[in-house]
Amino acid sequence: MPIDHPDGISPISVSRADIKAPIDIQKQTINVAIDIVAQTLAKIQINIASSSVTLNINIAAAAAGVTLNVNVKSQTANINVNLAASGITLDINVKSQTANINVNLAASGITLDINVKSQTANINVNLAASGITLDINVKSQTANINVKIAASDVTVTVSVTGTAQVNLYAQTVGLYLKPEWEAKEGNDKNFAGTATNQAPGVELVIYYTAPTDKTLYITQVAFAVFATNAADADKPQMCTSRIHNVTGTTPLWHQGGNGGGGLSFTKPLAVPWPQQVGFYCRNGSNHNCSLFIVAGGYEI
Amino acid sequence: MSKMLKGLVNLYTGNFNDMFHELQPDGSVIITLTSKKYPETYRFRVKDLYGENEEVLEHEIIMPGVNPRITERMAQAKKQLGGD
């Protein structure tokens, strides 16, 4: 039934237990305020096609398990979303010339999809929640995206089709490769072994097994031998070294040399629990030698 | 099964950053473990490491010590720097 109140104010109050309320408004300028206090709020869908839109959505803690679809086609779109509820699915689709989107989440179990096709997009996402899946797809001429995450376990995946350029203008910037980072965090592992006065053919070995559910990543190794007796010091000190996955009987690395050798691996050698790794250094000369091996990496 | 000594516990749980393995003439090995997460050093001699008859023959925990001579010289240097 069409409503046409003389002063333009058209309050609607519904207090039935179960309602369906499709509202279709076609006016030049409108202000709509909707307050919903419902026991079960299954789905809210908002479609707006307008020249300028400001949309504020606040969902409080009591409203759990809500699916919210927001589709906006507008020249300028300002969308503010504040969620403090659990089990929310939120889809925001914006096609506009300028889109300003602020999303504040203080909740658990949120699935958030934001799709923006805009000439200019400003997107701020603040998360203080547990269990969040966040997909942001932006096709825009200009995009400013701020993501701040303070969480104990975070996976951030950035996929770029095209050219990705990272410019750092901060005066103090520290970039760590994985081994460096793990060393900084105290997860580095270093192994050193020695055996003195070993006969020809004897092999020094260090065994190690990473603790439960962890993996040892080996990033470098070096080995050396030298003659036990001074009379043999000028002779070739032939030796070989290897890293072996003992459990899988898989050779991971092998090298020989005169007096020693070593290598830093461009790709770490991974030995996961419960597999045992062996670091070997063998006296390949024809006289007694002292054997040394050092290997390093990190364990996570 | 007897209770494991702390050095062996650290070895089997990977609770170390640095491991030094010294093979001894009798076939035993001296293992030295240090870590960024605890100050002490664990040094123990074990025979048949990882084997059925594994046995710790010696075990010591070395607390970190500060060389008094270096401490004295550092204090002297700091004092001199402040006076210049």
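This one's a predicted model, so the numbers in the text were calculated from it and none came from an experiment. Below, chain A is the first sequence line, B the second, and so on; all start at residue 1.
- For B:Y50, the part lying under 4.5 angstrom from a heavy atom of chain A is the side chain only.
- With respect to B:R45 and B:E55, no salt bridge is recorded, no charged nitrogen being found less than 4.0 Å from a carboxylate O.
- When each of A:G186, A:A195, A:A210 is scored by its heavy-atom pairs under 4.5 Å with chain B, the top score falls to A:G186.
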Evaluate the side-chain hydrogen bond (donor to acceptor under 3.5 Å, both in side chains) criterion for residues A:Q275 and A:N245: first the C-alpha distance (whole Å), next the side-chain angles of each, then the deciding distance (0.1 Å), finally the verdict. CA-CA 7 Å; A:Q275 296 172 13; A:N245 183 327; 2.5 Å; yes

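- Residue contact with chain B, scored on non-hydrogen atoms closer than 4.5 Å, is absent for A:V294.
- If you measure heavy-atom distances from A:Y298 to chain B, you find no contacts under 4.5 Å at all.
- Not a single donor-acceptor pair under 3.5 Å links the side chain of A:S285 to the backbone N or O of A:N283.
- Contacts of A:N197 with chain B are absent, with no heavy-atom separation under 4.5 Å from either backbone or side chain.
- By the 4.0 Å N-to-carboxylate-O rule, B:R43 lies close enough to B:E22 to be salt-bridged with it.
- For the pair A:D188 and A:E182, the minimum side-chain heavy-atom distance is 4.5 Å or more.
- Among B:D18, B:N17, B:L23, the residue with the largest count of heavy-atom pairs under 4.5 Å with chain A is B:N17.
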